[in-house]
Amino acid sequence: QVYLVESGGGSVQAGGSVRLSCVASGRTPSTYGIGWFRQAPGTAREFVAAISRVSTVTYYADTVKGRFTISRDNAKITVYLQMNSLKPDDTAVYYCAAAQTVVAVTTTPDYWGQGTQVTVSS
């Protein structure tokens, strides 16, 4: 079992930046690929970004490439999502997710956090 707790959400104006954090705990969380998804009201949850356990591989959704950066600190067992140049369309609940491989994170995560709200106003 891996437990994930997100933090760092809030309200920001368009063009601004927010950094989300996901702290992992439980059974060997540093060995898992970890990523971020988001869900806006009335829409399906969508993949945002993922990072492999030793940070050698990252994946991004096309909608966030060049604006968002995922990173991790295995000493702190924390994954970060730095979000720059935010747009109102980025408004959503952001969820941290984990799976045994980074590829699996992008499609079928095994574990989820509770989510943190990010609101971008125009």
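Count residues from 1 along the sequence.
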Under the side-chain hydrogen bond (donor to acceptor under 3.5 Å, both in side chains) rule, collect the residues that match up with Thr56, sequence neighbours excluded. Ser52
Less than 4.5 Å apart, side chain to side chain, heavy atoms only: is that true for Ile51 and Tyr59? no
Check for me, please, whether Val102 and Ile70 land in the same ILVMFWY cluster - side-chain distances under 4.5 Å, paths through other members count. no
Assigning hydrophobic clusters by single linkage (Ile, Leu, Val, Met, Phe, Trp, Tyr; side-chain heavy-atom cutoff under 4.5 Å), is Tyr94 placed with Val12? yes
Counting only heavy atoms from other residues, nucleotides and ligands, does the tally under 6.0 Å from CD of Gln100 exceed 12? no
Identify every side-chain donor-acceptor pair in residues 109-120 under 3.5 Å, counting partners at least two apart or on other chains, and give the distances.
{"from": "Gln114", "atom 1": "NE2", "to": "Glu6", "atom 2": "O", "distance (Å)": "3.4"}
{"from": "Gln114", "atom 1": "NE2", "to": "Glu6", "atom 2": "OE1", "distance (Å)": "3.3"}
{"from": "Thr116", "atom 1": "OG1", "to": "Gly9", "atom 2": "N", "distance (Å)": "3.3"}
{"from": "Gln117", "atom 1": "NE2", "to": "Ala92", "atom 2": "O", "distance (Å)": "3.4"}
{"from": "Gln117", "atom 1": "NE2", "to": "Thr119", "atom 2": "OG1", "distance (Å)": "3.3"}

State which residues pass ring pair (Phe, Tyr, Trp, His ring centres under 6.0 Å) with Phe47; sequence neighbours excluded, sorted by chain then number. Phe37
Which distance, rounded to the nearest 0.5 Å, do you find between the CG of Leu86 and the OG of Ser122? 13.0 Å
Can you pull the side chain to side chain donor-acceptor pair (under 3.5 Å) pairs that have at least one residue in residues 78-92, sequence neighbours excluded? Ser17-Asn84, Arg38-Asp90, Arg67-Asp90, Gln82-Asn84
Looking at every heavy atom in both Pro29 and Ile77, which two are closest together, and how far apart are they? CG-CG2, 3.5 Å
Mind checking what makes side-chain hydrogen bond (donor to acceptor under 3.5 Å, both in side chains) contact with Arg72, not counting sequence neighbours? Asn74
With clusters defined by side-chain heavy atoms of hydrophobic residues (ILVMFWY) lying less than 4.5 Å apart, directly or transitively, does Val105 cluster with Leu20? no
Ile34 side chain reached by Cys96 side chain, heavy atoms, under 4.5 Å: yes
Could I get the full list of side chain to side chain contact (heavy atoms under 4.5 Å, CB included) partners for Thr28, not counting sequence neighbours? Thr31, Tyr32
Evaluate the side-chain contact (heavy atoms from CB on, under 4.5 Å) criterion for residues Leu4 and Tyr95: first the C-alpha distance (whole Å), next the side-chain angles of each, then the deciding distance (0.1 Å), finally the verdict. CA-CA 9 Å; Leu4 305 167; Tyr95 297 90; over 6 Å; no
Do the side chain of Gln39 and the main chain of Thr43 share a donor and acceptor less than 3.5 angstrom apart? yes
